[in-house]
Amino acid sequence: MKKEQLYEGKAKKVYATEDPDLVIVSYKDDATALDGLKKGTIAGKGAINNRMSNFLMQLLEKEGVPTHFVKELNDRETVVKKVSIVPLEVIVRNVSAGHFAQRYGVEEGIVFDEPTFEFSYKNDDLHDPLLNDSHALALKLATKEEIDAIRAMALKVNEVLKAFFLSLNVRLIDFKLEFGRLSDGSLVLADEISPDTCRFWDATTGEKLDKDRFRRDLGGIEDAYNEMMRRVFGA
Ligand code: TMP
Ligand code: ASP
């Protein structure tokens with residue numbers, strides 16, 4: 001089933017299959033931050049992100065959001081639809097944190113009346129610069145129709161995931177999504193949804209349960225990932 005490696009990213013590898021419309025993603029324990037400048041490993045992360053992302057993608061499918069998910073093969077590997085990734089990082093925020101707090105000089109933890117929505121250009125060499133719709137159009141990264149569809153899907157994902165995580169006593173602070181085009185041009189949610197790509201704060205204690213523990217050298221990173229796994233799967 002698994003054929004040649006097509007691509008290796010910072011956290012995943014992608015393999016061809018016999019079916020040209022399907023690929024296998026394999027999640028690694030490698031972690032990077034600061035556009036790959038900071039490198040490390042988080043033991044068990046690959047398996048946690050694989051299982052959590054697959055669970056969340058299936059939850060979103062049920063709520064009407066099309067995703068790349070096809071079938072979980074094992075702890076680390078999943079069959080997904082082959083897409084060409086739209087080179088936009090789609091970020092939704094419910095509470096100020098991270099680059100939002102830095103960029104606008106505000107503290108973390110301000111609850112927004114409405115979620116914010118932003119794009120950055122997925123390009124490590126340029127440090128993923130923030131860009132708006134007109135920039136994305138000018139650079140031909142996506143069409144107007146695609147941008148509208150991406151915004152609607154991302155806000156829907158936020159509604160579904162915010163409610164889901166709150167039921168686990170976790171606040172969904174912000175997250176990053178990526179979308180891909182299938183061979184017929186239709187858009188699906190791709191990449192992953194995991195503690196690598198979301199900020200999760202315990203709703204009672206405020207404890208950080210995501211990759212910020214690695215980015216900021218807070219320690220207890222494996223425990224945080226395991227705790228999120230336990231809450232999602234009750235294991
Ligand atoms: P930011 O505050 O650093 O812009 O991050 C916003 C959200 O996006 C946060 O949940 C972490 C996630 N994220 C990624 O998944 N990949 C990245 O490269 C960056 C910078 C953030
Ligand atoms: N994906 C980013 C990088 O390696 C890290 C992050 O999530 O902050 O640079």
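None of the values given here were measured: they were computed from a predicted structure. As the structure lists them, so they are numbered: ligands from 1, and atoms in each ligand from 1.
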* **Polar proximity ligand 2 side, D196 side, N/O cut 3.5 Å exclusive** => no
* To the nearest 0.5 Å, tell me how far I42 CD1 sits from D30 CG. => 9.5 Å
* **Any N or O of R199 closer than 3.5 Å to N or O of ligand 1** => yes
* **Heavy-atom side-chain proximity of V92 to V157 below 4.5 angstrom** => no
* To do: Assess E108 for proximity to ligand 1: is some non-hydrogen atom of it under 4.0 Å away?
  => no
* Structure fact -> Quick look: L34 vs ligand 2, heavy-atom contacts under 4.0 Å, and the answer is backbone
* **side-chain hydrogen bond (donor to acceptor under 3.5 Å, both in side chains) partner of K45, chosen from D29, D196, N50** => D196
* Asked: Looking at CG of L182 and NZ of K82, how far apart are the two atoms once the value is rounded to the nearest 0.5 Å?
  -> 12.0 Å
* Asked: Salt bridge between D191 and K176, side-chain N to carboxylate O under 4.0 Å?
  -> yes
* Structure fact -> Note: ligand 1 atoms sitting under 4.0 Å from heavy atoms of C198 are 10 (O)
* To do: Give the numbers and elements of all ligand 1 atoms closer than 4.0 Å to a heavy atom of D196.
  => 15 (O)
* Asked: Any idea which protein heavy atom is nearest atom 9 (O) of ligand 2, and the distance to it?
  -> D35 N, 2.4 Å
* What's the shortest distance from atom 8 (O) of ligand 2 to any protein heavy atom, and which residue and atom give it? -> R215 NE, 2.7 Å
* Asked: Just which atoms of ligand 1 are under 4.0 Å from any heavy atom in G98?
  -> 2 (O)
* Please state which protein non-hydrogen atom is closest to atom 2 (C) of ligand 2 and give its distance, to 0.1 Å? -> K10 NZ, 3.9 Å
* Asked: Out of curiosity, N226 CG to I221 CD1, how far, rounded to the nearest 0.5 Å?
  -> 10.0 Å
* Do the ring planes of F233 and F55 sit parallel (below 30°), tilted (30 to 60°) or perpendicular (above 60°)? -> perpendicular
* What's the spacing between F165 CZ and F175 CZ if we round to 0.5 Å? -> 10.0 Å
* Where's the contact between R93 and ligand 1, heavy-atom distance under 4.0 Å: side chain, backbone, both or neither? -> side chain
* Find all atoms of ligand 2 within a distance of less than 4.0 Å from any non-hydrogen atom belonging to K211, and give their numbers and elements. => 5 (C), 6 (C), 7 (O)
* Asked: Of all the non-hydrogen atoms in the protein, which one sits nearest to atom 17 (C) of ligand 1, and at what distance?
  -> E89 OE1, 4.0 Å
* Distance filter under 4.0 Å to G36 heavy atoms, resulting ligand 2 atoms -> 3 (C), 4 (O), 9 (O)
* Please indicate whether K71 has more than 12 foreign heavy atoms, meaning atoms of other residues, nucleotides or ligands, lying under 6.0 Å from its NZ. => no
* To do: Report the member of D124, D174, L130 with the shortest heavy-atom distance to atom 9 (C) of ligand 1.
  => D174
* To do: Pull out every atom of ligand 2 sitting under 4.0 Å from any heavy atom of A33, numbered as shown with elements.
  => 3 (C), 4 (O), 5 (C), 9 (O)
* Asked: For atom 4 (O) of ligand 2, what is the nearest protein heavy atom, given as residue, atom name and distance?
  -> T32 OG1, 2.3 Å
* Considering only non-hydrogen protein atoms, determine which one is nearest to atom 3 (O) of ligand 1 and report residue, atom name and distance to 0.1 Å. => H99 ND1, 2.5 Å
* Structure fact -> min-distance protein heavy atom vs atom 21 (C) of ligand 1 -> R215 NH2, 4.3 Å
* Hey, are K156 and E159 close enough for a salt bridge, meaning a charged N less than 4.0 Å from a carboxylate O? -> no
* Structure fact -> The salt bridge (charged side-chain N to carboxylate O under 4.0 Å, His left out) partner of E108 among R93, R199, R216 is R216
* To do: Would you mind telling me if ligand 1 is within reach of the side chain of K10, the backbone, both or neither, using heavy atoms under 4.0 Å?
  => neither
* Asked: Which residue and non-hydrogen atom of the protein lie closest to atom 8 (O) of ligand 1, and at what distance in Å?
  -> K176 CB, 3.4 Å
* Look up atom CG in D128 and atom CZ in F119, then write down how far apart they are to the nearest 0.5 Å. => 14.0 Å
* Structure fact -> Logged contact type for D210 with ligand 1, heavy-atom cut-off 4.0 Å, is neither
* Rounded to the nearest 0.5 Å, how far apart are CE of M1 and CG of D19? -> 7.5 Å
